[in-house]
Asks: 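This structure is in structure tokens; I'll ask about it shortly.
Just so we're on the same page: letters track the sequence lines, and every chain starts at 1. Please read all numbers here as calculations on a predicted model, not as lab measurements.
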Number of protein chains: 2
Amino acid sequence: MKKKQSIVSSDQGNESQTTHEGTLDAINKRIVALLQEDGRRSYVSIGKEIGLSEAAVRLRVQKMLDDGVMQIVAVTNPMEMGFRRQAMVGITVDGDIEYVAQKLKDIRQIDYIIITAGRFDILAEVFAEDDESMLELVNRQIRKIDGIDRTELFTYMRLESQRYDWGVR
Amino acid sequence: MKKKQSIVSSDQGNESQTTHEGTLDAINKRIVALLQEDGRRSYVSIGKEIGLSEAAVRLRVQKMLDDGVMQIVAVTNPMEMGFRRQAMVGITVDGDIEYVAQKLKDIRQIDYIIITAGRFDILAEVFAEDDESMLELVNRQIRKIDGIDRTELFTYMRLESQRYDWGVR
DNA sequence: AGTGAAACGACCGTAGA
DNA sequence: TCTACGGTCGTTTCACT
């Protein structure tokens, strides 16, 4: 529902929480770090820990959410959701990459795709209930897309330390 | 801090929220879907939307968090955090995979590693401030690890539709 | 950007079905 | 596993710095 707010840099002498390069100030980093542990932690308790009033914490969090610096969301565990197979699919394209990318995005069992430089043109992370439906997905859905040359499957044997804390460690 | 609670399936005629296969019941799916939009949405407002009391929603969310079905966390945007380069590194190992995996996990700029079957033994997602520090990371940190045979870098040109909603679409 | 205070709303534990 | 309810705590708004 929320749109990224248009930021007119109000050059009126107030020190910004984010620099032009997009790095956060020390206070925001601490706030983000705490919210990465528990996204529902109250502003009051965060404020107590870092020595700021509840309102100050809340305004900072709101600004970071509005600016698209972070989001606070439920992240599900694929295993617990009944998806026992995950894989990365390396794809080489001999047609229109944008077209292929669009078609891939329409597939429900792909959670993200990456346009890359290297041996592959696209990497797509896929999940499936079991080996059977993983094969079905790759052979009947992905490989059928016009413009796909080859696919190569990297089945996940084990996923270590999935984290969501880019840049705040 | 929280441990996954041991589930003794109390076969006393109460319909469970999770089946043995780990899929959620319809109510929990709706709750998760709403929390994927806004992880801080109040239990009261969720309850109103799905026709359940605040306490019922709260108990269900608590159970899903305790069971490791989902987590509610802040997810940062690497770009906004000043990390303008992301890449997947494909790694082949000629030594001890566990040792290599452990060493990789200690590197701050790796957010997750995947043990795979296929051309590579390990896939690692890495991020860096710029090309310079990406090269430094791969050449000076990753390639120096004992037991690593070859590495292959897939630089992200564009990341499409990163989502965190496995299985609830 | 930040504080403090008052009114309101959400959350939590528990009792009862 | 649900609802109802009362006590406590968190959030919101606003005036002030």
Asks: Rounded to whole angstrom units, what separation is found between the CE atom of Met64(B) and the P atom of dT1(D)?
Replies: 11 Å
Asks: Distance check needed: dT1(D) P versus Leu24(B) CG, whole Å only.
Replies: 13 Å
Asks: What is the separation between atom CD on Gln62(A) and atom P on dT13(D), rounded to the nearest whole Å?
Replies: 10 Å
Asks: Above 12 or not: heavy atoms from other molecules or residues under 6.0 Å from CD of Glu136(A)?
Replies: yes
Asks: Expressed in angstrom and rounded to an integer, what is the separation of Arg41(A) atom CZ from dC9(D) atom P?
Replies: 16 Å
Asks: Would you name the heavy atoms of Asp130(B) and Arg85(B) that are closest together and state the gap between them?
Replies: C-CG, 3.7 Å
Asks: Categorize Ser42(B) for me: base, sugar-phosphate, or nothing, with a 4.0 angstrom heavy-atom threshold over every strand shown.
Replies: sugar-phosphate
Asks: Output the single nucleotide from dT11(D), dT3(C), dC12(C) whose closest atom is nearest the side chain of Val44(A).
Replies: dT11(D)
Asks: Within the 4.0 Å heavy-atom criterion, would you say Arg40(A) contacts the bases, only the backbone, or no part of the nucleic acid?
Replies: sugar-phosphate
Asks: Could you tell me the separation between the NZ atom of Lys63(A) and the P atom of dA1(C), rounded to a whole number of Å?
Replies: 7 Å
Asks: Quickly work out the Glu54(B) CD to dG7(D) C1' distance and round it to whole Å.
Replies: 14 Å
Asks: For Leu52(B) and dT3(D), give me the distance from atom CG to atom C1', rounded to whole Å.
Replies: 9 Å
Asks: Of the nucleotides dA10(C), dG13(C), dT3(C), which one has an atom closest to the side chain of Ala55(A)?
Replies: dT3(C)
Asks: Could you verify whether a donor N or O on one side chain and an acceptor N or O on the other, from Gln62(B) and Tyr43(B), lie under 3.5 Å apart?
Replies: no
Asks: Would you say a side-chain N or O of Arg60(B) is under 4.0 Å from OP1 or OP2 of dC2(D)?
Replies: yes
Asks: Using whole Å, what does the distance between atom P of nucleotide dT12(D) and atom CZ of Arg58(A) come to?
Replies: 5 Å
Asks: What are the two closest non-hydrogen atoms of Ile91(A) and Ala124(A), and how far apart are they?
Replies: CD1-CB, 4.5 Å
